[in-house]
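Residue numbers start from 1 in every chain, and the chains themselves are labelled A, B, ... in the order their sequence lines are given, proteins ahead of strands.
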Protein chains: 2
Amino acid sequence: MRKDIHSSAIPVICRECEARHGGICSVLEPDELLRLGRQARRREVPAGTELISAGVPVDTFANILSGVVKLTKLLPDGRQQIVGLKFAPDFLGRPFAEASNVSAVAASTVRLCVFPRSDLEDMAQRSHAFEHRLHTQSLRELDDAREWLMILGQKSASQKLASFLLLLGTHIDPRVAGFSNVIDLPWTRSDIAEFLGLTMETVSRQLAHLRNAEVISIEKNRHVTVLDQAALRAEAGL
Amino acid sequence: MRKDIHSSAIPVICRECEARHGGICSVLEPDELLRLGRQARRREVPAGTELISAGVPVDTFANILSGVVKLTKLLPDGRQQIVGLKFAPDFLGRPFAEASNVSAVAASTVRLCVFPRSDLEDMAQRSHAFEHRLHTQSLRELDDAREWLMILGQKSASQKLASFLLLLGTHIDPRVAGFSNVIDLPWTRSDIAEFLGLTMETVSRQLAHLRNAEVISIEKNRHVTVLDQAALRAEAGL
DNA sequence: CGCCACGTTGAGAAGCCTCAATGCAGGTGG
DNA sequence: CCACCTGCATTGAGGCTTCTCAACGTGGCG
């Protein structure tokens, strides 16, 4: 394994990077990684930062190293709907299109590895494996989106909340392989409501309901512990 | 343009085929088309035919030549949600996965061009352009799915119906480039309800509402004519 | 003709939203 | 140090939308 012995071949910025494992960089050869890595820059942004604006051209892409990014769409009347969540080591940006038709907003403090759009598209053109990897992520996002369609279309408020907590438990901490019973919500009640197509008040009431049923416990509003995972699944209609 | 002069180089089955233009076959070179075309078979199925079952491995892919295919997901309690619609010249099947996690059902009489899964994956591996084309379709499906998320998450029953009719008007007839004012619904009221996350009765009432407002006219239950497209857009919240 | 599937219409119930009051914690200035 | 403000969360009351349940129409077909 030359590429591991000669670790100098790996850009400094890429060492200890999660995207090198599960992310899109995982399929790159050392020389390709070097080329992309030369242009890459680390960036840390606070919650609320708008990373991509719907319809506005962006000339960068990014890997998410930690944190949660929400994808939102805006209706002409001002209402907003969250259409997806991205976690490490997902990548951010819309390949092969000038601009995305969704906005991306940091939903927590987010660490990113940013690189120029042109480099990514060059790489996609040069490396079939790289484009394949991008394709795979798109397909996974499609599956996720359809899962959410199911939830938004068919479920009651309590089922939506339970499904949401289950999703978070399996994604929010990239270090935990399976399900994490401890969830620090990076969102306000309004944010959660937006994601689930509910109102803030309904979210609050349903959380209270889950707490009263001793399925979860809540501390300091944001810190949730799942006490009874089976009950939570039942509540989600699974 | 040798490939057009020597039309004998194009498989008989591929002549006059819509998928050769907008579809995935459009990026294939004549010799590649020949290889894929040799294995391809035309098939026509009636409405209701299950083309793909969620979780069941399938070893074929298909281009849709005409008709509408609905993608559905099933909840454990038996409720169903339509998570997508496919029109000609979309292709059908989940690349790079044994089985899809959605079911595909013919929503009208559907004509297909079916070919083996292995051939498609070979082609995707061999031809970067072909994989890129598949990727592009996946990205478009992702955009569509997110559009529906918006609709299901935020809109009232009448807005959902209006959005649905607008979608159909722009997709249902592949021969019409823009918006078709005449829509022959290939579905029952229950099917529409399923797609929109509503009940049959609500769909019926909202259609009656649009008819009374003289935005649409309805004949023989299935045949809808859009009388006032601007009013329909307003109703959809656009 | 009568059956059956699909569609329409109505009345009442349920769920969620809207509006409004209150609670609670963290930060700021007197 | 405390009073106040502000943003987020909770709780309650009432209303609106949609669902549920049920009756009735309608068109196609044996």
Student: Whole angstroms only, please: what is the CG-P distance between L210(A) and dT10(D)?
Tutor: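 Rounded to the whole Å, the gap is 12 Å.
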
Student: Under 4.0 Å from OP1 or OP2 of dT8(C): is there any side-chain N or O of R189(B) that close?
Tutor: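 Result: yes.
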
Student: For the side chain of N221(B), starting at C-beta, report the closest nucleotide among dG7(C), dT11(D), dT18(C).
Tutor: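 Closest of the options to the side chain of N221(B): dG7(C).
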
Student: So among V105(B), T109(B), L185(B), L85(B), which one has a side-chain contact (heavy atoms from CB on, under 4.5 Å) with V68(B)?
Tutor: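 Only one option passes, and that is L85(B).
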
Student: With a 4.5 Å limit on heavy-atom distance, are the side chains of Q80(A) and K70(A) in contact?
Tutor: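 The answer is no, as the side chains (C-beta and beyond) never meet within the 4.5 Å cut-off.
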
Student: Kindly point out which of dC8(D), dC17(C), dT10(D) is positioned nearest to the side chain of T188(A)?
Tutor: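 Comparing dC8(D), dC17(C), dT10(D) against the side chain of T188(A), the answer is dC8(D).
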
Student: Side chain to side chain contact (heavy atoms under 4.5 Å, CB included) for R189(B) and L207(B)? Distances and angles first, verdict last.
Tutor: CA-CA 10 Å; R189(B) 298 288 185 271; L207(B) 280 175; 3.5 Å; yes

Student: Both R211(B) and V203(A) contact DNA chain C. Which one's nearest nucleotide lies toward the 5' end?
Tutor: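 First, find each residue's nearest nucleotide; the 5'-ward one identifies R211(B).
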
Student: Using whole Å, report how far CG of L198(A) lies from P of dT17(D).
Tutor: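 Distance check: L198(A) CG to dT17(D) P gives 18 Å.
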
Student: Once hydrogens and angles are ignored, does a donor-acceptor distance under 3.5 Å link the base of dG15(C) to the side chain of R205(A)?
Tutor: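 No pair found.
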
Student: Give the rounded distance in Å between these two atoms: NZ of K220(A) and P of dG7(D).
Tutor: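 About 19 Å, once rounded to whole Å.
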
Student: Taking only the side-chain heavy atoms of T202(B) (C-beta and beyond), determine which of dG7(C), dT20(D), dT18(D) contains the nearest atom.
Tutor: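 Nearest listed nucleotide: dT18(D).
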
Student: Whole Å only: how far is the CD atom of Q159(B) from the P atom of dT17(D)?
Tutor: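 Rounded to the whole Å, the gap is 12 Å.
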
Student: Pick the nucleotide of DNA chain C nearest each of M200(A) and A208(B); which residue has the one closer to the 5' end?
Tutor: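 Checking each residue's closest nucleotide, the 5'-ward one belongs to A208(B).
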
Student: Can you check the K160(B) NZ to dT17(D) P distance for me, whole Å?
Tutor: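 Distance check: K160(B) NZ to dT17(D) P gives 14 Å.
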
Student: Does a sphere of radius 6.0 Å around CD in E214(A) hold more than 12 heavy atoms from other residues, nucleotides or ligands, not counting ones at 6.0 Å or beyond?
Tutor: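 Not buried by this count: 12 neighbours or fewer within 6.0 Å.
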
Student: Donor-acceptor pair under 3.5 Å: do we get one between R222(B)'s side chain and the base of dG7(C)?
Tutor: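 Absent.
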
Student: Given atom CD1 of I218(A) and atom C1' of dC24(C), what is their separation to the nearest angstrom?
Tutor: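 Interatomic distance, CD1 of I218(A) to C1' of dC24(C): 15 Å.
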
Student: Rounded to the nearest angstrom, tell me the gap between atom CG in D191(A) and atom P in dA9(D).
Tutor: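 It works out to 8 Å between those atoms.
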
Student: Is there a donor and acceptor pair, one atom on the side chain of E201(A) and one on the base of dC19(C), closer than 3.5 Å?
Tutor: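 Under the 3.5 Å cut-off, the side chain and the base do form a donor-acceptor pair.
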
Student: With no hydrogens and no angle check, is any side-chain donor or acceptor of R211(A) less than 3.5 Å from a backbone partner on I218(A)?
Tutor: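 Flag not set: sc R211(A) to bb I218(A) has no pair under 3.5 Å.
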
Student: For dC16(C) and T199(A) - does any side-chain N or O of the residue sit under 4.0 Å from the phosphate oxygens OP1/OP2?
Tutor: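 So the side-chain polar atoms of T199(A) never come under 4.0 Å of the phosphate oxygens OP1 or OP2 of dC16(C).
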
Student: Please report, rounded to the nearest Å, how far the C1' atom of dG15(C) is from the CG atom of L161(A).
Tutor: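 The distance from CG of L161(A) to C1' of dG15(C) comes to 15 Å, rounded to the nearest Å.
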
